[in-house]
Amino acid sequence: MKPYLNKISLLRFIADLTVVGFTYVLCIYCLDPGTFTDHTKAKLFLLIVLLTTWFFSGTSNKLYNENRVKPGFSLEIYKTLKGIIILDIAIVVVSYFTQPFLPYNFVFLYPVMLLLCFATEKYIINRFVMYLRKHGYNLRHVVILGNGSNAEQFYKLVNTNPHLGYDILGYFKDGAEEEDTSIKYLGEKCDLPSFLNTSIVNEVIIATPGITIGEIEEITYMVDKAGIRVRIIPDFHFQFYNRYEFKQFGNIPTVSLRKEPLEETYNKFTKRTFDIVFSLFVLIFICSWLFPIIALIIKSGSKGPVLFRQKRLGRDRKEFWCLKFRSMYVNNDSDKVMATKGDRRITPIGSFLRKTSLDEFPQFWNVLMGHMSIVGPRPHMTVQNAQYQAIINNYLVRQLIKPGITGWAQVNGYRGEIETDLDIKNRVSYDIWYLENWSFFLDIKIIYLTVWNIFKGEDKAY
């Protein structure tokens with residue numbers, strides 16, 4: 001058994017700082033070799049700022065924590081990308097308060113080069129770590145207490161994901177009835193202390209079904225005496241997979257059975273700030289000249305108001321007036337029947353507005369007012385909400401966050417007319433996945449895909 005090496009995080013940190021500095025020097029030289037040695041003090045000052053900024057952003061973003069619980073190259077690149085954006089902001093701030101000493105296009109070239117260099121560096125390091133773990137290094141040696149279904153599923157998870165870097169030595173029987181298992185048998189629970197004192201063990205995993213507080217304290221006492229970490233797999237873990245998370249209310253621990261990133265204050269602030277900035281930009285620079293044109297065409301094409309208002313459910317089931325450009329002739333079914341293919345209620349200009357999603361643009365005002373978000377579950381008519389609640393048990397879960405102008409379901413093909421029960425079930429499934437997996441960059445991705453789909457065209461854009 002090879003000893004556990006805990007140097008990988010330090011290696012990643014040193015490599016990242018090297019990439020930040022090397023790319024900085026390389027970009028300055030490539031953009032203007034003739035002035036490379038000019039403004040040396042200012043350039044050195046900015047380099048120190050960038051290295052310091054990276055240190056604080058990387059550590060606060062947990063970039064150098066051991067990636068064994070939530071491993072993955074894509075997750076590391078995602079966190080790195082957040083750090084690159086912070087570095088670029090630092091460059092803009094320093095440049096604003098100092099005399100110009102860098103080419104104007106440095107602020108655009110540096111993050112691109114940095115991302116390419118980081119991707120290469122992290123790929124190499126990840127391959128190196130995989131090589132080490134394949135040959136028995138950088139492993140965490142684990143023993144399991146218990147031999148029930150939780151222990152077996154944990155064992156299978158580790159065996160099928162070698163990149164986690166765990167080596168399961170075996171299990172100790174906890175006194176319960178023996179079950180068939182593929183895990184190596186190491187002895188009874190009473191044999192655990194002597195094994196911990198004579199073997200290299202980094203963690204003890206408690207996977208005993210129905211374990212009591214008293215039993216946990218007894219095991220913790222034994223494991224603490226050997227100076228080893230202990231983890232518990234709760235009975236409900238494999239029923240709820242990765243959805244639950246622990247939260248502390250004072251000194252009372254609670255378990256939330258659904259992850260909600262948008263319940264975190266920082267994430268709320270980030271999303272709301274983006275909504276305000278983005279909606280203001282669209283309203284000022286696009287809607288200010290586009291709205292009068294569309295309004296004039298709507299009024300000249302059919303009788304009725306320019307805007308269509310309809311009550312929709314918002315966050316926490318609070319009603320609000322959702323705004324759209326009127327795309328139909330005035331009728332009595334607009335609050336009861338959704339648009340269908342070839343719907344005769346749709347005006348000629350309304351057909352164009354719907355296909356290009358321009359009819360939704362007034363909802364940027366809803367976003368600015370805080371009723372909606374740029375991205376979120378699409379709000380449905382009141383009559384539809386009552387109908388779908390009877391079909392789908394968790395339908396109203398999507399109302400835990402603000403509705404959006406576009407959403408994860410829409411960019412995955414579930415927009416427009418709901419023809420079958422399967423359509424709404426899949427739409428709700430995508431909405432809840434978005435709620436549980438929200439990130440700022442997921443919003444950016446959805447906005448990009450929405451614009452792409454507008455130009456590409458969609459079957460249900462009617």
Side-chain angles (χ1 to χ4, degrees), residues 85 88-89 92 107-108 111 268-302 304-310 312 314-315 320-328 334 339 346-380 401-416 434 438-462:
I85 292 173
D88 214 34
I89 293 172
V92 172
V107 72
F108 302 105
K268 280 183 182 178
F269 175 79
T270 301
K271 187 169 177 65
R272 182 58 186 149
T273 301
F274 177 76
D275 282 346
I276 292 172
V277 172
F278 194 95
S279 58
L280 273 175
F281 178 86
V282 173
L283 288 170
I284 293 172
F285 295 103
I286 299 178
C287 296
S288 58
W289 59 268
L290 184 62
F291 273 27
I293 297 173
I294 294 177
L296 186 62
I297 297 174
I298 290 174
K299 290 296 287 184
S300 62
S302 62
V306 171
L307 293 178
F308 173 72
R309 296 196 317 158
Q310 191 173 63
R312 302 282 177 100
R315 183 181 178 183
F320 71 98
W321 287 104
C322 183
L323 303 177
K324 297 180 71 172
F325 279 123
R326 182 173 59 82
S327 58
M328 293 183 174
S334 56
I346 300 175
T347 64
I349 181 60
S351 178
F352 171 77
L353 293 176
R354 284 175 170 270
K355 284 181 180 179
T356 57
S357 296
L358 287 173
D359 63 321
E360 311 286 0
F361 267 51
Q363 288 165 31
F364 283 105
W365 179 255
N366 285 124
V367 173
L368 190 61
M369 292 295 99
H371 305 136
M372 296 178 66
S373 180
I374 302 295
V375 180
R378 287 293 294 153
H380 296 145
I401 57 175
K402 290 180 183 179
I405 297 177
T406 184
W408 183 236
Q410 282 64 45
V411 298
N412 280 282
Y414 292 97
R415 66 162 288 178
Y434 171 79
W438 177 89
S439 72
F440 175 73
F441 289 100
L442 177 59
D443 275 3
I444 299 299
K445 177 181 179 179
I446 292 171
I447 292 170
Y448 166 77
L449 290 174
T450 300
V451 175
W452 171 258
N453 287 341
I454 289 173
F455 288 101
K456 185 184 69 171
E458 294 180 276
D459 294 336
K460 287 196 171 184
Y462 52 79

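The backbone N or O of G376 lies less than 3.5 Å from no partner atom in the side chain of S373, so there is not a single donor-acceptor pair. Using a distance-only test at 3.5 Å, with no hydrogens or angles considered, a donor-acceptor pair links the side chain of S279 to the main chain of I276. With hydrogens and angles disregarded, no donor-acceptor distance shorter than 3.5 Å links the side chain of Q310 to the backbone of C322. For R326 (side chain) and P305 (main-chain N/O), a donor-acceptor pair under 3.5 Å exists by modelled atom type. Side chain of R378 to backbone of G404: a donor-acceptor contact under 3.5 angstrom is found.
I401 and P377 make their closest contact through CD1-CD, 3.6 Å (heavy atoms, listed as atom of the first residue, atom of the second, distance). The two residues L368 and R272 have their closest heavy-atom pair at O-NH2, 2.9 Å. Heavy-atom minimum distance, D443 versus K271: OD2-NZ, 2.8 Å. Nearest heavy-atom pair across K299 and G304 is NZ-O, 3.1 Å. The shortest heavy-atom contact between M372 and K402 is O-CD, 3.9 Å. For the pair P379 and R312, the tightest heavy-atom approach, listed with the atom from each and the gap, is O-NH1, 2.8 Å.
The shortest distance between side-chain heavy atoms of M328 and S351 does not fall below 4.5 Å. Looking at heavy atoms from C-beta onward, F108 lies out of side-chain contact with D88 at the 4.5 angstrom threshold. In this structure, I405 and F278 have side chains that are not in contact, with every pair of non-hydrogen atoms separated by 4.5 Å or more. With a 4.5 Å cut-off on side-chain heavy atoms, W321 and N366 do not count as touching. By the 4.5 Å heavy-atom criterion applied to side chains, R354 and I346 are counted as neighbours. Within the 4.5 Å cutoff, the side chain of S327 has no heavy atoms near those of the F308 side chain.
Here CG of D359 is found 4.5 Å from NZ of K324. Values are rounded to the nearest 0.5 Å. To the nearest 0.5 Å, atoms CG (N453) and CD1 (I446) are separated by 11.5 Å. Annotation: the span from F352 atom CZ to T356 atom OG1 amounts to 4.5 Å, rounded to 0.5 Å. Atom SG of C287 and atom CG of L358 lie 9.0 Å apart (nearest 0.5 Å).
With a 6.0 Å radius and a threshold of 12 heavy atoms from other residues, nucleotides or ligands, K445 has its NZ atom at or below the threshold.
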Subject >> Steps toward side chain to side chain contact (heavy atoms under 4.5 Å, CB included) verdict (I298, L353) >> reply: CA-CA 10 Å; I298 290 174; L353 293 176; 4.0 Å; yes
**OP:** Could you walk me through whether F441 and I85 pass the side chain to side chain contact (heavy atoms under 4.5 Å, CB included) test, one step at a time?
**Re:** CA-CA 12 Å; F441 289 100; I85 292 173; 3.3 Å; yes
**OP:** Just do the side chain to side chain contact (heavy atoms under 4.5 Å, CB included) check on L323 and R309 with the steps written out, would you?
**Re:** CA-CA 5 Å; L323 303 177; R309 296 196 317 158; 3.5 Å; yes
**OP:** List the steps, then state whether side chain to side chain contact (heavy atoms under 4.5 Å, CB included) holds for I286 with F364.
**Re:** CA-CA 11 Å; I286 299 178; F364 283 105; over 6 Å; no
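Using bins of under 30°, 30° to 60° and over 60° for the plane-to-plane angle, the ring pair F325/F291 lands in the perpendicular bin.
Checked options L280, D275, V375; the residue passing with V367 is D275 (criterion: side chain to side chain contact (heavy atoms under 4.5 Å, CB included)).
Y448 pairs by the ring-ring contact (aromatic ring centres under 6.0 Å, His included) definition with nothing, not counting sequence neighbours.
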